[in-house]
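Throughout, a chain's letter reflects where its sequence line sits, starting with A, and its residues are numbered from 1.
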Amino acid sequence: MSQQFTNIVDDLQWRGALSDATPGAEDLLINDKITCYNGFDPTSDTLHIGNLLPLMCLSRLQRYGHTPIAILGGGTGMIGDPSGRTDERSLLSIEDIDANGEKIRVQLEQFLDFDAKSNPAQLINNADWLRSINYLDFLRDIGKNFTVNTMIRRDSVRTRMEREGEGISYTEFSYALLQAYDFLMLYEREGCNFQSGGTDQWGNILDGVDLIRRKHGADKNGLPRAHGIVFPLITDSKGDKLGKSIGGAPALDSNKFSPYRLYQFFFNTDDADVIRYIKLFTWLEPEEVGPLEEAVRENPGRREAQQTLAEQITQIVHGQSGLEQARRVTRAFVRGEFDTLSASELDDLFEGSASIQVEKCDIDNRALSFEELAVATSLAQSFGDARRTVQQGGMYLNSGRVDDPAREITPEDLLHGNLIVLRRGRREHRLVRVL
RNA sequence: GCAGGGAUUGGGGAGCGGUCAAACCCAGCAGACUGUAAAUCUGCCGCCUUGUGCUUCGUAGGUUCGAAUCCUACUCCCUGCACCA
């Protein structure tokens with residue numbers, strides 16, 4: 001990488017990615033090689049854009065020569081972090097959590113270099129130690145170091161305790177101890193002396209820092225041996241959590257949220273947010289961001305910054321092929337001309353995105369209507385929905401607008417003999433394969 | 001525990017025996033406009049085989065020709081009071 005910044009602290013600060021750090025943390029980040037871990041929640045089988053910032057920061061750390069560790073919360077995931085939750089979680093089964101962990105591992109590899117020579121990233125499942133914990137030992141060795149007085153003062157705990165009739169289970173109450181224990185284990189086993197996380201993790205991180213100090217004392221300068229850095233909570237200019245507007249954070253799994261959709265998601269970033277996002281989520285440096293900033297100001301309609309942001313992120317998350325795919329779909333989408341694409345392009349285009357298969361004989365017999373297909377592809381929620389949308393001129397078959405919901409699908413509608421593209425509005429697409 | 005109040009279609013919130021698939025607002029969806037934006041405007045916004053159709057108004061029964069609307073029981077929530085401390 002070009003060395004515009006002399007150290008990672010300047011880098012992170014310029015990006016607005018550093019919200020807080022323990023005293024002495026910055027000095028170590030600049031002058032030493034540290035090992036930093038960040039936890040990832042295995043309660044879902046995919047990471048989402050809310051994980052983008054931690055992932056990028058771990059990746060940046062690695063580029064500056066530090067060693068990143070991604071922790072799969074396979075153990076803590078069985079408990080659930082009360083932070084930011086107003087209700088008690090339901091517990092996942094061990095099998096579910098392990099299966100989710102496997103999928104997340106693949107996604108992590110997109111961001112971290114597990115084969116680096118001097119500072120390879122590591123992926124560790126905290127189930128390795130948490131699931132074999134002996135309760136009595138844990139209470140003696142770890143529990144002794146925490147006072148309930150402090151714990152119940154935590155906002156996350158207090159808000160739950162004040163909710164009458166809801167309460168917080170002992171299980172979740174114990175969460176903070178487990179996360180602190182994680183840090184201690186990683187410190188002892190891997191020499192891991194940093195933990196990163198969102199600001200909501202600040203309290204949990206400090207618990208770990210304190211625990212390590214109690215167990216291992218301070219260093220020779222009287223400073224803590226372990227440190228924490230936290231990232232800001234990312235909200236858009238309206239104050240909404242990133243991704244909230246579309247309901248549920250977009251997943252990094254291309255089957256759940258296609259590269260094209262990810263591209264579109266960021267392409268549609270508000271002018272007021274786009275530069276901030278570029279700094280946080282891409283590798284672009286000041287010399288590249290400056291002109292974009294000016295472009296937003298001088299010529300917002302061209303949306304250069306948005307395009308750059310979308311391309312960079314899609315590239316990072318889904319690789320070059322993912323980006324190519326997103327670009328191709330975008331082109332087709334802008335023109336609405338799917339019949340101009342080749343079979344292989346279409347095929348490739350919709351790879352990983354929602355598609356269904358129908359029998360060739362159904363087409364030949366004209367047994368399928370447009371509305372049936374729209375519902376079958378979940379492009380419409382119901383027949384009524386399909387008809388309404390058709391009436392409003394919002395449904396398209398291949399490149400043309402549909403005016404009759406009951407319109408039969410005929411062999412002439414097939415692109416390249418076996419494909420049909422359905423579209424709703426301007427951006428919802430479905431591919432139908434005919435067998 | 002006692003006394004009141006309440007649970008309505010994604011959220012908020014009308015309705016209080018038929019004219020209710022249920023006002024209105026928000027969200028959502030489509031169309032126009034536009035910068036694939038925002039704002040605005042228009043339409044839609046339970047389901048279907050579009051019909052004196054079907055399923056919805058906390059749950060289960062009941063009264064009625066007819067109930068979201070009345071009665072009973074149950075569940076949950078809120079507000080006072082008491083109990084506990």
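Using the Watson-Crick or G-U wobble rule with both distances under 3.5 Å, rA3(B) pairs with rU79(B). The nucleotide rA39(B) finds no pairing partner, because no Watson-Crick or G-U wobble arrangement with both distances shorter than 3.5 Å includes it. rC24(B): Watson-Crick or G-U partner is rG12(B), with both key distances under 3.5 Å. Across all strands shown, rU19(B) forms no Watson-Crick or G-U wobble pair with both key distances under 3.5 Å.
Residue Met395(A) is the one, among Ser382(A) and Met395(A), whose nearest nucleotide of RNA chain B lies closer to the 5' end (criterion: closest heavy atom). Where Glu371(A) and Gly301(A) meet RNA chain B, the nucleotide closest to each residue was compared, and Gly301(A) sits on the side nearer the 5' end.
A side chain to side chain donor-acceptor pair (under 3.5 Å) check over residues 290-305 of chain A, counting only residues at least two apart or in different chains, returns nothing.
If you check residues 303-317 of chain A against RNA chain B, the residues with a heavy atom closer than 4.0 Å are Arg303(A), Gln306(A), listed by number.
More than 12 non-hydrogen atoms from other residues, nucleotides or ligands lie less than 6.0 angstrom from CD of Glu109(A).
The structure places CG of Leu58(A) at 6.5 Å from CG of Leu55(A), a figure rounded to the nearest 0.5 Å. Note that CG of Leu112(A) and CE of Met56(A) are 10.5 Å apart. Values are rounded to the nearest 0.5 Å.
Nucleic acid contact class of Arg424(A) (heavy atoms, under 4.0 Å, all strands): sugar-phosphate only. Counting any heavy atom pair closer than 4.0 Å across all strands shown, Phe383(A) reaches sugar-phosphate atoms only and no base atom. Nucleic acid contact for Asp271(A): base, since at least one base atom lies under 4.0 Å from a heavy atom of the residue.
Here, rU63(B) and rG13(B) have their C1' atoms 29 Å apart, quoted to the whole Å. rA14(B) and rU9(B) have their P atoms separated by 13 Å, given to the nearest Å. Rounded to a whole angstrom, the distance from the P atom of rC41(B) to that of rG6(B) is 37 Å. Comparing the C1' positions of rG53(B) and rA21(B) gives a spacing of 13 Å, expressed to the nearest Å. Distance check on atom P: rG80(B) versus rC48(B) gives 46 Å, rounded to whole Å. Comparing rA30(B) with rA22(B), their P atoms are spaced 24 Å from each other, to the whole Å. When the C1' atom is compared between rU34(B) and rU40(B), the two are found 11 Å apart, to the nearest whole Å. Comparing the P positions of rA68(B) and rC2(B) gives an interatomic distance of 32 Å, to the nearest angstrom.
Within the 3.5 Å criterion, the main-chain N or O of Ala343(A) finds a donor-acceptor partner in the side chain of His416(A).
Gln315(A) and Glu311(A) share no donor-acceptor pair across their side chains, judged by distance under 3.5 Å alone.
The shortest distance between the side-chain N/O atoms of Arg302(A) and the OP1/OP2 oxygens of rU36(B) is not below 4.0 Å. When the side-chain nitrogen and oxygen atoms of Arg388(A) are compared with OP1 and OP2 of rC45(B), one or more of them lie within a distance under 4.0 Å.
Of the candidates Val317(A), Leu323(A), Leu309(A), Leu323(A) is the only one forming a side-chain contact (heavy atoms from CB on, under 4.5 Å) with Tyr263(A).
rU42(B) atom C1' lies 15 Å from atom CD of Gln391(A), rounded to whole Å. Straight-line distance from the CD atom of Gln381(A) to the C1' atom of rC48(B): 15 Å, rounded to whole Å. Between the CZ atom of Arg426(A) and the C1' atom of rA30(B) there is a distance of 10 Å, given to the nearest Å. The CG atom of Asp385(A) sits 11 Å away from the C1' atom of rC47(B) (whole-angstrom rounding). When rounded to the nearest whole Å, the span between CZ of Arg387(A) and C1' of rG43(B) equals 18 Å. One atom, CZ of Arg328(A), and another, C1' of rU36(B), lie 19 Å apart when rounded to the nearest Å. Atom P of nucleotide rA37(B) and atom CZ of Phe266(A) are separated by 17 Å, given to the nearest angstrom.
Listed nucleotides rU36(B), rG35(B), rA30(B) differ in distance to Phe267(A); the shortest reach to its side chain belongs to rU36(B).
Taking the six-membered ring where the residue is Trp, the centroids of Tyr396(A) and Phe338(A) are separated by 6.0 Å or more.
Between Trp14(A) and Phe5(A), the ring planes are tilted. Angles from 30° to 60° get that label.
Judged by distance alone with a 3.5 Å cut-off, no donor-acceptor contact links the side chain of Arg423(A) to the base of rU36(B).
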